[in-house]
Number of protein chains: 2
Amino acid sequence: MCIYTFIYGSMAVEIPENMGSECLVLKSRRAARAVTRRYDKLLRPYGLQCTQVSLLFNVASGHHRSVTELASQMAIERSTLTRNLKLLQRRGYIETDSSGQGRPQQYILTERGEALVREMIPHWREAQAQLRNELGDEGWDAIQAALSTIGAVG
Amino acid sequence: MCIYTFIYGSMAVEIPENMGSECLVLKSRRAARAVTRRYDKLLRPYGLQCTQVSLLFNVASGHHRSVTELASQMAIERSTLTRNLKLLQRRGYIETDSSGQGRPQQYILTERGEALVREMIPHWREAQAQLRNELGDEGWDAIQAALSTIGAVG
DNA sequence: CTTGAAAATGTGTATATACACATTTATCTA
DNA sequence: TAGATAAATGTGTATATACACATTTTCAAG
């Protein structure tokens, strides 16, 4: 692996040359920031931030029976998810399903949340289409595949 | 675009079928979380979190003359970077270069920071190698290319 | 030298993320 | 049924991120 040496004060520090260009954690986080900013810019005029919209979509899908299960599906830390859910709940978009008796907390949409989901879907589609157009079909597909792969890193 | 309808309480809500599998913001954030967790697990025993290590590497590289410039290079919000730098400064790894007279704050490594960088480089390399091995050379290259592309999304 | 624009940084507020530890509830076994 | 075990959630603490607005410094035009 190629490195380069640069003089730093009185000492020489060797930083791997590919640190900036190949550091997976640096690049994956930068990518997430860039995409988030873009979606936020497009969706913010209509209400929530994109992270909350995608969480709302996941709740709407209903493929979960507990917070723990939803956290597992989204590959997000459970306590993080709990707090994000509380925000949506405080704003009246979701609520816990009181019909169930067990310990698990199943979140479902309120009427207001349903209305918001309906409103946001076309804007979300527009954002997707815009980026797909910018990246080209090939680029888009390659990116989707790459993100699926690293999203599954254990 | 294909959608499916599911019954939600008394109403039917239509969520795009590809919402979960193709939402770029969901997937890019999930990928960043996964990679971050992995690097953190590998690097934490040696001190800092991976986000701070990569920031430290960027400071060490010295390709910046101000916080604003560094923020631009890293595609990170300036006020975010400011706070992250303060953390490293509080721990004695970096300091502001007092030799310059202008308004810009140029952060440089302290001796302690230099020692930490030297210590972390092999561990960072090991983390990179481990993931590359898991993903295979082809997968690795494809991911690198994809992340470069979306990281540049304006 | 004054003034006004531009550059750079600082701060308040809010959300997103994760780990460690504690608490509560459900379930199984003897 | 009592006690142990597992499942699910709650909470404290710390870091990461961004936006909006304010403040400070620099610098050029006049």
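Since we're looking at a predicted model, the values are computed, not measured. Every chain is numbered from 1 and lettered A, B, ... according to where its sequence line falls, protein lines coming before strand lines.
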Inset, instruction - List for me each residue that meets side-chain contact (heavy atoms from CB on, under 4.5 Å) alongside A:Gln106, sequence neighbours excluded, and say none if there are none. - result: A:His64, A:Asp97, A:Ile108

Legend entry - Value in whole Å for how far the C1' atom of C:dT24 lies from CD of A:Gln105: 11 Å

Legend entry - Sequence-distant partners of A:Arg112, side-chain contact (heavy atoms from CB on, under 4.5 Å), two or more places apart: A:Tyr93, A:Thr110

Inset, instruction - Using five base pairs at each end, measure the axis-to-axis angle across the helix from C:dC1-D:dG30 to C:dA30-D:dT1 and round it to 10 degrees. - result: 0°

Legend entry - Distance in angstrom units between A:Arg30 CZ and D:dT17 P, rounded: 11 Å

Legend entry - Heavy-atom side-chain contact between B:Leu109 and B:Leu56 under 4.5 Å: yes

Legend entry - Qualifying residues under side-chain contact (heavy atoms from CB on, under 4.5 Å), relative to B:Thr36, sequence neighbours excluded: A:Val25, A:Arg29, B:Asp40, B:Cys50

Legend entry - Shortest side-chain distance from B:Arg29, nucleotide among C:dA18, C:dT17, D:dA18: C:dT17

Inset, instruction - Specify the residue among B:Pro104 and A:Arg44 whose closest nucleotide of DNA chain D lies further upstream toward the 5′ end. - result: A:Arg44

Inset, instruction - Could you tell me how the ring of B:Tyr46 sits relative to the ring of B:His123: parallel (under 30°), tilted (30 to 60°) or perpendicular (over 60°)? - result: parallel

Inset, instruction - Could you check how far OH of A:Tyr39 sits from P of D:dC19, rounded to whole Å? - result: 17 Å

Inset, instruction - Go through residues 74-90 of chain B and report each residue with a non-hydrogen atom lying under 4.0 Å from DNA chain D, sorted by number. - result: B:Ile76, B:Glu77, B:Ser79, B:Thr80, B:Arg83, B:Asn84, B:Leu87

Inset, instruction - Rounded off to whole Å, could you give me the CD-to-P distance for the B:Gln49 and C:dA20 pair? - result: 11 Å

Inset, instruction - Report which part of the nucleic acid B:Arg91 touches: base, sugar-phosphate, or nothing (heavy-atom distance under 4.0 Å, all strands). - result: sugar-phosphate

Inset, instruction - To the nearest Å, give me how far apart CG (A:Leu70) and P (C:dT17) are. - result: 12 Å

Legend entry - Euclidean distance, atom CZ of residue A:Arg37 to atom P of D:dA20 [Å, nearest integer]: 13 Å

Inset, instruction - Applying side chain to side chain donor-acceptor pair (under 3.5 Å), name anything that partners A:Ser148, two or more places apart in sequence or on another chain. - result: B:Lys27

Legend entry - A:Met120 CE to A:Arg125 CZ distance, which is reported to the nearest 0.5 Å: 13.5 Å

Inset, instruction - Take the protein atom CZ of A:Arg38 and the nucleotide atom P of D:dC19, then report the distance between them rounded to whole Å. - result: 13 Å

Inset, instruction - Look at the side-chain N and O atoms of A:Gln52 and state whether any lies under 4.0 Å from the OP1 or OP2 oxygen of C:dA16. - result: yes

Inset, instruction - Calculate, to the nearest 0.5 Å, the distance between atoms CG and OG1 belonging to B:Leu85 and B:Thr96 respectively. - result: 10.5 Å

Legend entry - Between D:dA7 (C1') and A:Arg65 (CZ): distance, integer Å: 12 Å

Inset, instruction - Could you check if a side-chain atom of A:Leu43 sits within less than 4.5 angstrom of a side-chain atom of A:Leu48, using non-hydrogen atoms only? - result: no

